[in-house]
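This report refers to the structure that appears directly beneath it.
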There are 4 protein chains.
Amino acid sequence: MIIVLKPEASVQLTNDILKQIESLGLKPLHMPGKERVVLGALGDERVLAQLNLDSHPMVESVTPILAPYKLVSREMNPEDSVVSIGAAKFGGGHFSVIGGPCAVESYDQMSKTAQTVRTAGAHALRGGAFKPRTSPYSFQGLGLEGLEILARVSREVGLPTVTEVVQTSDIEAIVEHASAFQVGARNMQNFELLKAIGQTTTPVILKRGMAAKVEDLLMAAEYVVSEGNPNVILCERGIKTFETATRNTLDLNAIPYIKSKSHLPVIVDPSHGTGIREFVPPMARAAIGCGADGLIVETHYDPSVALSDGKQSLDPEQFVEFMKEIRPFVDAVRKAML
Amino acid sequence: MIIVLKPEASVQLTNDILKQIESLGLKPLHMPGKERVVLGALGDERVLAQLNLDSHPMVESVTPILAPYKLVSREMNPEDSVVSIGAAKFGGGHFSVIGGPCAVESYDQMSKTAQTVRTAGAHALRGGAFKPRTSPYSFQGLGLEGLEILARVSREVGLPTVTEVVQTSDIEAIVEHASAFQVGARNMQNFELLKAIGQTTTPVILKRGMAAKVEDLLMAAEYVVSEGNPNVILCERGIKTFETATRNTLDLNAIPYIKSKSHLPVIVDPSHGTGIREFVPPMARAAIGCGADGLIVETHYDPSVALSDGKQSLDPEQFVEFMKEIRPFVDAVRKAML
Amino acid sequence: MIIVLKPEASVQLTNDILKQIESLGLKPLHMPGKERVVLGALGDERVLAQLNLDSHPMVESVTPILAPYKLVSREMNPEDSVVSIGAAKFGGGHFSVIGGPCAVESYDQMSKTAQTVRTAGAHALRGGAFKPRTSPYSFQGLGLEGLEILARVSREVGLPTVTEVVQTSDIEAIVEHASAFQVGARNMQNFELLKAIGQTTTPVILKRGMAAKVEDLLMAAEYVVSEGNPNVILCERGIKTFETATRNTLDLNAIPYIKSKSHLPVIVDPSHGTGIREFVPPMARAAIGCGADGLIVETHYDPSVALSDGKQSLDPEQFVEFMKEIRPFVDAVRKAML
Amino acid sequence: MIIVLKPEASVQLTNDILKQIESLGLKPLHMPGKERVVLGALGDERVLAQLNLDSHPMVESVTPILAPYKLVSREMNPEDSVVSIGAAKFGGGHFSVIGGPCAVESYDQMSKTAQTVRTAGAHALRGGAFKPRTSPYSFQGLGLEGLEILARVSREVGLPTVTEVVQTSDIEAIVEHASAFQVGARNMQNFELLKAIGQTTTPVILKRGMAAKVEDLLMAAEYVVSEGNPNVILCERGIKTFETATRNTLDLNAIPYIKSKSHLPVIVDPSHGTGIREFVPPMARAAIGCGADGLIVETHYDPSVALSDGKQSLDPEQFVEFMKEIRPFVDAVRKAML
């Protein structure tokens, strides 16, 4: 950690800080410059957080040298982690596709859509029973009934399932009815929810928040892993920027960045990442090209009657074509897709 | 609502949509242009949401004419709402200041800080017992013990209190121990939490999310109000942008925008909005100048030992000076501050 | 164009606007709603700009239906344009790679680097003689001498060249010494420069500005094309967002969006788009996957001595490997790379 | 400067870098940590730029300690600079207002508008003769004829003038006809233009670019000042963010930040900063509250016929009222407005 003092800081302060660094078991360094005094602390700088040096009126800046996350870092675990949702594997050279509608609307809708997902060769089924919607006047999801439909359809088509969790009190029901949690962008920093998920062993797809830096996403994953659940799949789904041509700005730079910093698998959601169904296939290919370990894609048996996100959902024919079309790209990056 | 069809859309589709609009009780309009067919729907366009026209592959764009919120809109209620937290009033010409530390750390810390808040002439006390922290390795708050400290100090100094709520299961304890909820930026779209708060009558300060448009903030408020709780105070606290000179970019444009669209009071948090204590007084004056109904400001009896956010906290002397300094500006906008 | 009037607008204003729309040769439409009066104008709405309806105090909003650009639009020209820089072709199924250093530093540096570019199989050579640098204390480029070096090396290795233009008065020298202009992100809206380039026939690579929407980029291209120069290649090179993990946020969504709206070729600059050499190959593969017509990539015979942008430059070995590695992806999208 | 090496960096590299730092006359520091080697360099770190350490494959990060600008910094000149445009003074406790239309449209328009500007008590007149417009189909300004109109009206009403410069070749004519340059947001990093302005003694209002950090703005000012022209007035006019409720996001945090880092005066443009005339007065008051040294505000004798930016222009009555209304706020911050 590098601590820069203000020009008017006293010699006394310098000495105090150096002593505090030492007392915490770190190696202190003193660099008296012409315009500023700079101090250093070498060792596990996470313990320095308790000094709150940032708060001192005579401290100009504090710059960490090491990353703030540990368990999810590649330095901790140089090998790629492989996370499984049922038979679908993500990471370590495995590539899988999760398909399905935004929301569970009815047994009929889920059943028809799941047939397509299976026929097309995708590996898991998505569908939300609890829906966080911007407007209180929009469809809010079927709740527990939706979970039951999802579980029934899952058994019928033989695909594992992913469903969104929006509050701690729904965790038990989801563990019972689905194969994996999805934490949506709006809940990425709902830390109580992350801690509770961390106390299960159910895999979780953790979506990046719309204003979250990649480092924030890794810290959110650290919450889950530090509670004991290592089965975290990260998901890039677009961030908020000034561009309005697409629903979000899909930040694919995040993929190689995450792969360089963390051992966790990372997938891409080109449906939310673009908001426009025609852009889903090209951005899926892009995601594969830059190293994603899987995709989560919205599809609906008839997007024109979907209760949410129809604009970005592939229809059955498009989804079948999509699964065919991505295979040469998965091959080109030498990953295994069942 | 204005619906633009793709050039290749059929006459049949045009007629279908016009019929659907009519069947929902709206007035349909047909505008066949040279390059595009444009359709209109006049009336309460919220009912059109169920048509999901946006999802149709032959629909190019759907543009609403009316705002998506209703209960919080100024058209619904042209008069300013006044929301009270204890004796502190916000809105309708009333201006109040909430001061206190980021987190409740101990009885001693709260008691000392609250004395300053009171002496300086501020109107309510803030202090978090449940803290959402980016890192699992940071101080996470005292929980229920923190609430009890807050309540005790509140009685001793005679100030109403505001404290953050991070999950539904804590609502009951907060209603018992504090005067108002604060929903933090990270929970602005935690819709289950908003609905549960909407079922109480306790006032709530709803902070704008870091990636939330003002319209999203108003929709979040609509969630609370539509459940039955009209006591919502909006709070601008800075958004995420490319600028890193300050912790966030305080979007003061939001103040006159909100005042023009909504009857709810709106306050500003210059502490999180800047992240730097020296910038708190000037940005507080700016907030008053553009029409804010109050301020929420971090102060600590000794910021250099604060367990969180010390860098942006005023010390006692600065807070006393701050309260003196803002008064002429409150007078200049002709608002009443007790 | 859809014009929404404020609730308090008079009937007189409605009639005035309808008459004005008619007098300009467009078809006016009147949609009197319960809460708002909405007016429409059908036809070439670009002529409506002269009415400045947006400026009227009683007009709430004005929403165009058609895109503001015309010559660069796909509706104008449904077929892909092919733009050539020497023998390198971009668009219409052709894919080419431009390689070279950020800046021309010396004959020796350019010559060594150009050998690699050629050997590796890239199709054109880049190198800046006029450098726009954020700091007046950074290397500012060799100017005319740099152009002469570039021209000499171009003849020696037999590759066409691309070089940045930063002011109108340098256009003549660049036309003489190089094969194509590059307009940098900072000059994308230097409209005088665009107009002057439009009066030549030399191809131009137009880079997207850091705060420019894709629509702004297309409007900038419209400036060049409307002056008579159709040889425009668009270039996505990253935009400014809150994310700091990478130098910029490469907005690959822009590629399918541009391909859907415009006939112009579009290439990607993964060097500026990431700022980190390790991320250049994966993001190049991503760019190919989502439909880019080419790449512009920084390489230097020894990045550790580069006078600018060394951190994002590939070394010779990496560049050779890079060219090999992208070929299967170009094949997979069925484009032709020489 | 703090240099962090990658874990795999050799001892040889460490020694090389330390020697290079020493050879440039700086004091080298060696901090061998458990996980990383950290090196420091104390002294004028601008000279280190020539080492391009950032480019080395074994260097993880390079963090400067000192600001990259020098001449514009407050450390260089602790006293506020006062810049005059005619009799209008900005900075050092002086506050002035520049009013006028976006563009010079005709003698009649300028004359009528200038009368209002003068009567209302503003201190300088704005009006653009050269207009950078996003669309080639929009009004492009009157050019030299516009400058002549501006000069004539200036003599008639006795107010100094500010006009936009968009290319180097127009500088001479502007110096002859106007009192000050304005560099627009799109040209803030047009470094050739900045250098040429730096070679005059005419004051310049330098507007912040839409994607420019405050530090970039200060670097752009450094270009002008380092060429010899100290008469720079900085201008905050809003940045590009995800928020679309207003035309731009006015970043008022920039005002106290700039005042803390630089001795140059800074003004605010609430017209472009909001894009909506009703928000100009409140945001002007906010700007005064947080320390701005002046304002630049659009006004037109009849905004409903303005050829550009009418939506954000005050009409004569509003401008007169505006000038009255801001005075108590200027008084409250204890600045002198003539």
Side-chain angles (χ1 to χ4, degrees), chain A residues 67 208-218 236 238-261 268 270 272-292 325-334, chain C residues 67 208-218 236 238-261 268 270 272-292 325-334:
Chain A
R208 180 179 181 186
M210 282 172 278
K213 295 187 180 196
V214 177
E215 192 174 272
D216 297 326
L217 174 61
L218 291 169
E236 164 62 32
I239 57 172
K240 268 269 174 283
T241 71
F242 63 82
E243 180 56 81
T244 54
T246 45
R247 182 173 177 180
N248 291 291
T249 296
L250 191 65
D251 176 18
L252 290 182
N253 278 352
I255 307 305
Y257 183 86
I258 288 172
K259 300 305 281 184
S260 74
K261 299 291 181 189
V268 170
H272 286 87
T274 64
I276 299 168
R277 73 170 67 82
E278 286 80 3
F279 299 170
V280 170
M283 297 315 293
R285 295 192 301 258
I288 298 166
C290 65
E325 205 182 85
I326 61 172
R327 191 165 289 274
F329 292 84
V330 178
D331 292 345
V333 293
R334 299 198 191 89
Chain C
R208 180 178 181 187
M210 282 173 278
K213 294 187 180 196
V214 178
E215 192 175 272
D216 297 325
L217 175 61
L218 291 170
E236 164 61 33
I239 57 173
K240 269 270 173 282
T241 72
F242 63 83
E243 179 57 81
T244 53
T246 45
R247 182 173 176 180
N248 291 292
T249 296
L250 192 65
D251 176 16
L252 290 182
N253 277 353
I255 307 305
Y257 183 84
I258 288 173
K259 300 305 282 183
S260 74
K261 298 291 182 190
V268 169
H272 286 87
T274 64
I276 299 167
R277 73 170 67 82
E278 286 80 4
F279 298 170
V280 170
M283 297 314 292
R285 294 193 302 259
I288 297 166
C290 65
E325 205 182 84
I326 62 173
R327 190 165 288 274
F329 292 85
V330 177
D331 292 344
V333 292
R334 297 197 193 90

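Lettering follows sequence order; numbering is per chain, from 1.
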In terms of heavy-atom proximity below 4.5 Å to chain A, should [X] be classed as side chain, backbone, both, or neither?
| X | result |
| --- | --- |
| C:K259 | neither |
| C:T246 | side chain |
| C:T241 | side chain |
| C:N248 | backbone |
| C:A287 | neither |

Interatomic spacing from OH in C:Y257 to CD1 in A:I276 - rounded to 0.5 Å: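 Interatomic distance, C:Y257 OH to A:I276 CD1, rounded to 0.5 Å: 7.5 Å.
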Which value, rounded to the nearest 0.5 Å, describes the distance between C:F279 atom CZ and A:L252 atom CG?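 C:F279 atom CZ to A:L252 atom CG measures 13.0 Å (nearest 0.5 Å).
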Where does A:I239 contact chain C at under 4.5 Å (heavy atoms): side chain, backbone, both or neither?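 Only the side chain of A:I239 comes within 4.5 Å of chain C.
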Heavy-atom contact with chain C under 4.5 Å, split by part of A:A254: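 Answer is neither: A:A254 stays 4.5 Å or more from chain C.
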Decide, yes or no, whether a salt bridge links A:K261 with A:E215 under the criterion of side-chain N to carboxylate O below 4.0 Å.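 No salt bridge links A:K261 with A:E215.
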Most chain A-contacting option - heavy-atom pairs closer than 4.5 Å, from C:G238, C:A332, C:P256: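 The residue among C:G238, C:A332, C:P256 with the greatest pair count is C:P256.
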Using modelled atom types only, decide if a donor and an acceptor are shared between the side chain of C:E236 and the backbone of C:L250 within a distance under 3.5 Å.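 No: the side chain of C:E236 does not pair with the backbone of C:L250.
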Quick one: which of A:R208, A:K240, A:K213 gives a salt bridge (Lys or Arg N to Asp or Glu O under 4.0 Å) with C:E243?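 Among A:R208, A:K240, A:K213, the one meeting salt bridge (Lys or Arg N to Asp or Glu O under 4.0 Å) with C:E243 is A:R208.
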Describe, in one word, how the ring planes of A:F329 and C:F329 are oriented to each other, choosing from parallel (under 30°), tilted (30 to 60°) and perpendicular (over 60°).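 Judged by the thresholds at 30° and 60°, the geometry between A:F329 and C:F329 is tilted.
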